[in-house]
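Only heavy atoms go into these numbers, but all of them, side chains included; no hydrogens, no water, no symmetry mates. Below, chains carry the letters A, B, ... as their sequence lines are ordered, and counting in each starts from 1.
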Amino acid sequence: MPETNIPYVIRAYRPSALKEALMKMYLIRKFEEGAEESYMRGLIHGTMHLSIGQEASAVGSCMALTDEDKITSTHRGHGHCIAKGADLGRMFAEFFGKETGYCRGRGGSMHIADPSKGNLGANGIVGGGFPIAVGAALSAKKLGTGAVTICFFGDGAGNEGAFHESLNIAAIWKLPVVFVCENNGYGMSTSTERSTAVKRIADRATSYSMPGAIVDGNDFNAVTEAVDASVAWARAREGPSLVEARTYRLRGHSKSDRNRYRTREEITQWMERDPIPRFADLLIAHKVITRKAVRDLEDAAAKTIAEAIEFASASPDPRVEEATKYVYAERVPA
Amino acid sequence: MKALGTPEVRELSYAEAIREALDIALDRDDRVFLMGEDIGVYGGAFQVTGDLVEKHGPDRVMDTPISELGGAGVAVGAAMTGMKPIFEFQFADFAALAMEQIANQAAKARFMLGGSVSVPVVMRFPAGSGTGAAAQHSQSIEAWLGHVPGLKVVQPSVPEDAKGLVLAALEDSDPVMIFEHKILYKMKGHVPAGYYTTPIGKAAVRRTGANLTIVATSVMVWRAIEAAETLAAEGIDAEVVDLRSIRPMDRETVLESVRKTGRLICVYEGVKTLGVGAEVSAMVAESDAFDFLDAPIVRLGGADSPIPYNPQLEKAVVPQVSDILVAARDLTGGRI
């Protein structure tokens with residue numbers, strides 16, 4: 001087979017890294033399913049935004065990152081956390097509002113962060129992460145760490161003012177940040193056609209003099225190839241860039257979604273483009289893994305998730321007397 | 001000859017005192033840098049940063065585009081990742097454009113993330129009326145931010161504190177918002193040389209008195225002192241407490257003063273309704289100091305109105321010395 005016909009990820013990554021990536025995608029899927037089930041069982045009292053169907057963009061984007069590199073995430077951020085190496089038990093514990101959770105039960109689904117892994121946090125405000133990501137990139141430039149920041153955002157966030165201000169600042173100061181748009185077609189119920197003047201969000205990169213690319217966000221190989229190029233561009237001090245990953249969320253926006261703005265046919269069509277079997281098939285075709293080993297990975301992921309839920313369920317609640325702890329570095333008398 | 005270790009004391013303006021603090025901070029700590037609109041060669045809209053860019057360079061005295069949300073948010077992100085940025089709003093009013101990053105991100109990050117991050121950002125807000133700049137360049141919005149848990153909010157009234165509070169803010173692990181009154185920028189006062197900090201959350205008694213407590217903030221401290229001097233000639237001995245910090249608020253100093261004098265006037269430029277004076281009044285009313293009150297509490301605050309342009313109208317909507325005098329005489333029955 002000629003070298004050029006071999007997919008990028010097969011050329012660029014060791015089999016162990018690719019198997020780990022597939023494992024992370026399964027972990028995300030099982031995490032989200034476990035979260036959904038826990039919600040049904042009344043173990044979670046808040047809402048949640050599931051990323052089922054968007055696993056390739058989360059994991060693919062983080063392939064070239066180390067723990068020194070940063071990410072900012074979104075309200076639909078469980079996948080990004082897992083891709084950046086979060087502990088699943090602590091994630092579930094946060095979900096269940098437990099003291100052992102990433103935010104000691106103070107944050108919940110929309111605020112999971114793990115600074116030790118470079119994860120600066122999901123965000124409950126659409127577009128809240130843009131300037132924070134640019135600030136993290138400014139720190140990296142000033143401190144000379146060589147770190148890159150990936151700023152995940154959705155198609156809806158591209159219409160926030162923070163998007164435009166932040167891309168402009170990143171460009172004029174040539175900062176090492178990659179803006180990864182997970183375009184899943186809808187901001188809650190409003191389609192990108194109805195909300196966004198440009199057909200391609202990546203076209204907006206031109207306005208800020210940065211490279212922009214569009215990829216099939218359900219194709220792990222395509223996402224990784226594009227984002228890796230952007231990360232390399234940032235590390236080479238060439239500045240920011242934007243990658244738009246076209247994807248789809250197979251579940252509703254949140255638990256309140258009655259799915260009245262899209263058709264069953266549309267959802268079914270996207271289910272056929274599920275990123276996980278597509279990536280598994282790619283790895284099997286290139287003999288990175290056997291079909292039996294894929295099934296074993298999936299089973300192992302399910303087991304890990306079950307253990308994580310068990311850990312979270314058995315964890316203690318935060319103490320009510322400490323409800324306002326962490327508002328300030330030192331507690332200020334009320 | 002001065003004894004060794006005695007700090008040299010000079011006269012500096014409020015703006016010069018802040019600039020000296022910024023200069024010292026930039027010298028002391030590589031992580032400190034300044035961001036803001038036209039703070040470089042222009043020197044800032046109020047010449048607070050002045051020529052700092054010439055000494056420290058454009059990488060540390062960074063002009064931002066006119067992007068308050070983006071600029072403030074970049075400062076927040078940099079603070080979360082190891083730097084100590086000081087962000088200057090050109091006018092406090094423009095903070096409305098950045099409120100998302102201030103109130104939802106900077107203020108909440110530590111709590112929301114279970115103590116795993118700090119946001120040691122410092123933001124500076126030139127605020128207040130008296131310059132004929134009208135409704136969108138004259139507001140006193142400290143109570144907006146004072147209402148947000150997670151922020152610290154200070155209002156220096158003298159050059160010495162302006163310098164000391166900037167340096168204290170940089171020592172703090174939490175976001176500190178510094179409200180600087182625009183008509184104080186040119187005011188001169190004694191400022192110790194070198195490095196020192198003014199404690200955040202600690203009020204200062206500017207004048208001691210026995211008959212009446214005037215709790216004031218920012219420029220109102222000066223109006224309160226002027227009024228107190230006139231009142232002294234009439235036999236009314238007023239104590240002036242400069243709050244300095246509205247979050248956290250120095251409860252003990254205020255209560256102690258009220259226990260002593262038995263009368264309280266709160267003077268502040270921000271809108272009276274739901275403002276700093278309401279908090280001070282409630283703090284006293286809810287405490288044992290209430291039992292020491294000989295008269296109802298009086299609040300003198302800004303009118304429920306935007307700041308008007310016409311100079312007479314502009315004065316009419318914020319407390320003046322004459323308003324304090326009227327209130328004090330009324331409260332004391334003109335005599336003690």
Which residue out of [options] racks up the most heavy-atom pairs below 4.5 Å with chain B?
options	result
A/His111, A/Glu94, A/Glu99, A/Met110	A/His111
A/Gly129, A/Ala133, A/Ala140, A/Ser139	A/Ser139
A/Ala136, A/Gly107, A/Gly161	A/Ala136
A/Ala170, A/Gly128, A/Ala147	A/Gly128

Side chain, backbone, both or neither: which part of [X] has a non-hydrogen atom closer than 4.5 Å to chain A?
X	result
B/Ser116	both
B/Met62	side chain
B/Leu151	backbone

**Study point:** Residue that, paired with B/Thr64, satisfies side-chain contact (heavy atoms from CB on, under 4.5 Å) out of B/Glu88, B/Gln90, B/Met35
**Key:** B/Met35
Review point. Does the side chain to side chain donor-acceptor pair (under 3.5 Å) test come out yes or no for A/Thr196 and A/Asn159, once each step is laid out?
Key: CA-CA 7 Å; A/Thr196 306; A/Asn159 295 325; 3.1 Å; yes
Part of [X] within contact of chain B (heavy atom distance under 4.5 Å):
X	result
A/Leu167	neither
A/Lys70	side chain
A/Phe130	neither
A/Asp114	neither
A/Leu120	both

Point to revise | 4.5 Å side-chain heavy-atom contact, B/Arg110 and B/Asp174 | key: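 B/Arg110 reaches B/Asp174 side chain to side chain.
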Exercise for review: Check whether any side-chain heavy atom of A/Ile172 lies under 4.5 Å from a side-chain heavy atom of A/Asn168, and answer yes or no.
Suggested key: yes
Revision key, fill the gap. All heavy atoms of B/Ser118 vs all of B/Ser173, minimum pair found to be CB-O, 3.8 Å
Review point. Any salt bridge between B/Asp288 and B/Arg259, counting N to O under 4.0 Å?
Key: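 Looking at B/Asp288 and B/Arg259, the cut-off is met.
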